Amino acid sequence: MSTLKLSIAEDGIAVVTLASPPMNAMDAVLLEKLANLFEGLAADRAVRAAVIAADGPAFSAGLNLKTTPGLDRVGQRRLVDALNDCFGTLYAWPKPLVAAVNGHAIAGGLILALCADWRIVADVPLQISLAEVRVGVT
């Protein structure tokens, strides 16, 4: 099952969709794919801008907390590196970037939305929070 979908319209607007509903939880593989995809889109002269969207009721609930606790040191390092690389790539992306927030954006999901130049948020009940602040993660 693919975790990302890409479509590019004739006007040069790329739509990248997180495709792991319902919560679009992130892991190292997804973050690496996302960073690589946006690096490629940055180099593509036909792409003028991009939108990050999501399937399902949540934009993203952040890291996949079902798998994260079981990571060994190598897995933890890979995840941290993937987070830094992905968010750094998106934050510094050289073209206009819009986050289409369709539902919950929690923890890393909110960071993902904040990497965009603009955020459009659906008029639906949703939670937006940085859980890391509440528990003291630096």
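Heavy-atom basis, side chains included; hydrogens, waters and symmetry copies ignored. These figures come from a predicted structure and were not determined experimentally.
Between E32 and C86 there is no side-chain heavy-atom pair separated by less than 4.5 Å. In this structure, the side chains of I52 and T17 stay at 4.5 Å or more apart for every pair of heavy atoms. At least one side-chain heavy atom of E39 sits less than 4.5 Å from a side-chain heavy atom of T89.
Distance CG/L65 to OG1/T68: 5.5 Å, rounded to 0.5 Å. Between L79 atom CG and M26 atom CE the span is 9.5 Å, to the nearest 0.5 Å.
With hydrogens and angles ignored, the 3.5 Å screen pairs a side-chain donor or acceptor of K95 with a backbone N or O of V47. A donor-acceptor pair is defined here as one N or O able to donate and one able to accept, closer than 3.5 Å; such a pair exists between the side chain of N24 and the backbone of S20. Side chain of H104 to backbone of Q127: a donor-acceptor contact under 3.5 angstrom is found.
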- Task: Mind running side-chain contact (heavy atoms from CB on, under 4.5 Å) on S129 and L110 for me, showing each step along the way?
- Result: CA-CA 7 Å; S129 68; L110 179 55; 5.7 Å; no
- Let me see the working for I8 and I13 under side-chain contact (heavy atoms from CB on, under 4.5 Å), right down to the final yes or no. CA-CA 6 Å; I8 302 176; I13 307 300; over 6 Å; no
- Query: Should L4 and L30 be marked as a side-chain contact (heavy atoms from CB on, under 4.5 Å) after you check the CA-CA gap, both sets of side-chain angles, and the distance that decides it?
  - Reply: CA-CA 8 Å; L4 293 175; L30 173 70; 3.6 Å; yes
- Query: Passes side-chain contact (heavy atoms from CB on, under 4.5 Å), L34 versus V16? Steps please.
  - Reply: CA-CA 9 Å; L34 199 54; V16 176; 3.9 Å; yes
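Ionic pairing of D55 and K5 is present here: one or more N-O contacts between side-chain nitrogen and carboxylate oxygen are shorter than 4.0 angstrom.
For S7, the side-chain contact (heavy atoms from CB on, under 4.5 Å) criterion is met by V15, not counting sequence neighbours. Residues satisfying the side-chain contact (heavy atoms from CB on, under 4.5 Å) test with V74, not counting sequence neighbours, are D72. Applying the side-chain hydrogen bond (donor to acceptor under 3.5 Å, both in side chains) criterion to R119, with sequence neighbours excluded, gives no partner residue.
Taking every heavy atom of both residues into account, P22 and P57 meet most closely at O-CD, 3.5 Å. The heavy-atom pair separating Q76 from L71 by the smallest distance is NE2-O, 3.2 Å. Shown here for F59 and A100, the closest heavy-atom pair between the two residues is CD1-O, 3.5 Å. Taking every heavy atom of both residues into account, P21 and G56 meet most closely at CB-CA, 3.9 Å. A pairwise comparison of heavy atoms in F38 and L97 identifies CE2-CD1, 3.7 Å as the closest pair. What you find for V29 and R78 is that their closest heavy atoms are CG2-NH2, 3.6 Å.
When the side chains of ILVMFWY residues are joined at heavy-atom separations under 4.5 Å, either directly or via intervening members, M23 and V121 end up in two distinct hydrophobic clusters. Hydrophobic clustering of Ile, Leu, Val, Met, Phe, Trp and Tyr side chains at less than 4.5 Å, counting indirect connections, keeps W118 apart from L41. No chain of hydrophobic side-chain contacts below 4.5 Å, direct or via other Ile, Leu, Val, Met, Phe, Trp or Tyr residues, connects Y91 to L37. In terms of hydrophobic clustering, with Ile, Leu, Val, Met, Phe, Trp and Tyr side chains grouped at heavy-atom distances under 4.5 Å, L6 and L18 are assigned to a common cluster. Residues I120 and V101 do not share a hydrophobic cluster, defined by chaining ILVMFWY side chains whose heavy atoms lie under 4.5 Å apart.
For the side-chain contact (heavy atoms from CB on, under 4.5 Å) with I111, the qualifying choice from L83, I106, L90, L130 is L130, the only one to do so.
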